[in-house]
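A short worksheet on the structure shown next.
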Amino acid sequence: MKAEEERVVAAAVAPLPKLLSALFYGACSFLIVLVNKAVLTAYRFPSPLFLGVGQMVTTILILYVSKLNKIIHFPDFDKNIPKKLFPLPLIYVGNHISGLSSTSKLSLPMFTVLRKFTIPLTLLLEVMILGKQYSSSVVLSVFAILLGAFVAAGSDLAFSLEGYVSVLLNDIFTAANGVYTKQKIDPKELGKYGVIFYNACFMVIPTVLISFFTGDFQQVTAFKQWTNVLFIGQFLLSCILGFLLMYSTVLCSHYNSALTTTVVGAIKNVSIAYIGMLVGGDYIFSVLNFIGLNICMAGGLRYSFLTIQGQDSPKHPTDEENLMPIAKS
């Protein structure tokens, strides 16, 4: 019965919300990478961790004020909420910190290429954790994106081991975050707003403590750009975009699969890589890198085509068995 209900809900979701939620996520993800790159690199802000704290605090304030004004609803806190969320808060903060750190340690095009490894990781985790299955066409398009990432990364002339480790950790956390978010956003439980709010609440204090004991907080207080209006504006914009990114990720995962959300991010990242060739000044051109980017984009467009056809809809292994009694009735 549960599988039957899931199919009915999936069929009831109109194509327009699926498309709009994907575009909204892509736009937020695109903008926050550019703004974070400016804050951490152009202004040399010393603490990606503290920037993450700002995004968490902004998220808490926006959602709490919205709840007080009855614009949105999510459950009040009780002792069962940590159990319902686990391990999402730990994955959430890992995703936040590794994402911000990797942005500052790699060139923008190389960062976006290596983020493609999130896609096969998401597919694997959906199969393992959610018990889903995908068609061979979807799997092939995913691995075309991965192949392009290998080709492009193999020609990176600005290799940074620390940067590569950070971004690959970010890939793992992002994949786990997408899959577990899809699992936890049941409207009968916490819902999408509750998941976002309590994630931020549980992790903001530990993140502040980590920032203090690692010396990041002291570096932030000594930062000389706090009197720069342009910097403050971009810092606040990053905080607001951090909230919008979290919201759009949950929204896209709600209307689509976690894999579709990840592929949307991949297409966005390749687009940023193309832009980075023309602006930004940190792209080192090579033939292999350019070929790899194009393979990534081709795989992403193929997946998009399959999504439009409806072939990306994941199926549970028991779906065929459950369909038999329905057909007979």
Side-chain angles (χ1 to χ4, degrees), residues 2-33 72 74 88 115-116 118-127 129-142 144-145 174-196 241 243-272 296-316 319 323:
K2 185 177 180 181
E4 180 184 347
E5 289 174 3
E6 288 175 351
R7 286 195 305 276
V8 171
V9 171
V13 176
L16 187 59
K18 295 178 72 173
L19 176 62
L20 291 178
S21 63
L23 290 174
F24 180 43
Y25 166 69
C28 292
S29 187
F30 177 87
L31 290 171
I32 198 169
V33 170
I72 61 172
F74 53 85
L88 206 50
R115 290 287 284 134
K116 305 301 171 296
T118 304
I119 303 172
L121 287 170
T122 302
L123 189 149
L124 181 63
L125 289 175
E126 281 200 318
V127 171
I129 296 171
L130 303 181
K132 295 180 176 179
Q133 293 180 345
Y134 287 93
S135 68
S136 57
S137 299
V138 169
V139 174
L140 286 174
S141 66
V142 164
I145 299 172
T174 301
N177 186 65
V179 173
Y180 277 105
T181 296
K182 182 72 175 178
Q183 186 185 58
K184 304 289 185 180
I185 56 176
D186 185 351
K188 297 178 181 177
E189 296 290 340
L190 296 176
K192 54 182 180 289
Y193 296 114
V195 167
I196 299 170
L241 284 172
F243 160 70
L244 290 176
L245 179 62
M246 284 182 270
Y247 175 67
S248 63
T249 302
V250 171
L251 198 66
C252 189
S253 296
H254 173 69
Y255 286 113
N256 302 281
S257 67
L259 182 60
T260 295
T261 304
T262 308
V263 171
V264 170
I267 296 173
K268 172 269 305 179
N269 286 339
V270 176
S271 302
I272 292 178
C296 283
M297 181 58 82
L301 293 176
R302 172 62 177 165
Y303 183 91
S304 301
F305 176 74
L306 294 172
T307 302
I308 293 171
Q309 287 188 322
Q311 294 184 34
D312 73 313
S313 300
K315 299 176 181 178
H316 287 73
D319 276 2
L323 281 170

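The model shown is predicted, which means the values in this text are computed figures rather than measured ones. Atoms considered below: every heavy atom in the structure, side chains included; atoms not considered: hydrogens, waters and symmetry mates.
Between the Ser253 side chain and the Val250 main chain, no donor and acceptor come within less than 3.5 Å of each other. For Asn256 (side chain) and Lys18 (main-chain N/O), a donor-acceptor pair under 3.5 Å exists by modelled atom type. Ser29 places no side-chain N or O within donor-acceptor distance of the main-chain N or O of Gly26, the cut-off being under 3.5 Å.
Taking each heavy atom of Val179 and Thr122 in turn, the nearest pair found is CG2-O, 3.9 Å. Annotation for Thr261 and Cys252: closest pair OG1-SG, 3.3 Å, computed over non-hydrogen atoms. For the residue pair Ala175 and Leu121, the shortest heavy atom distance occurs at CB-CB, 3.7 Å.
For the ring pair (Phe, Tyr, Trp, His ring centres under 6.0 Å) test with Tyr193, the passing option among Phe74, Phe243, Tyr247 is Tyr247; the others fail.
A distance of 5.0 Å separates SG of Cys28 from CG of Leu244, quoted to the nearest 0.5 Å. Taking OG1 of Thr249 as the start and CZ of Phe24 as the end, the distance is 9.5 Å to the nearest 0.5 Å. The distance from atom CG of Leu259 to atom CG of Leu123, rounded to the nearest 0.5 Å, is 5.0 Å. In this structure, the separation between OG on Ser248 and CG on Leu23 is 11.5 Å, given to the nearest 0.5 Å. Note that CG of Leu251 is 12.5 Å distant from OG1 of Thr181, once rounded to the nearest 0.5 Å. Between Leu124 atom CG and Ile129 atom CD1 the span is 8.5 Å, to the nearest 0.5 Å.
You'll find the side chain of His254 stays beyond 4.5 Å of the side chain of Pro17, heavy atoms only.
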Could you walk me through whether Tyr25 and Ser21 satisfy the side chain to side chain contact (heavy atoms under 4.5 Å, CB included) test, starting with their C-alpha distance in whole Å, then the side-chain angles of each, then the deciding distance to 0.1 Å, before giving a yes or no? CA-CA 6 Å; Tyr25 166 69; Ser21 63; over 6 Å; no

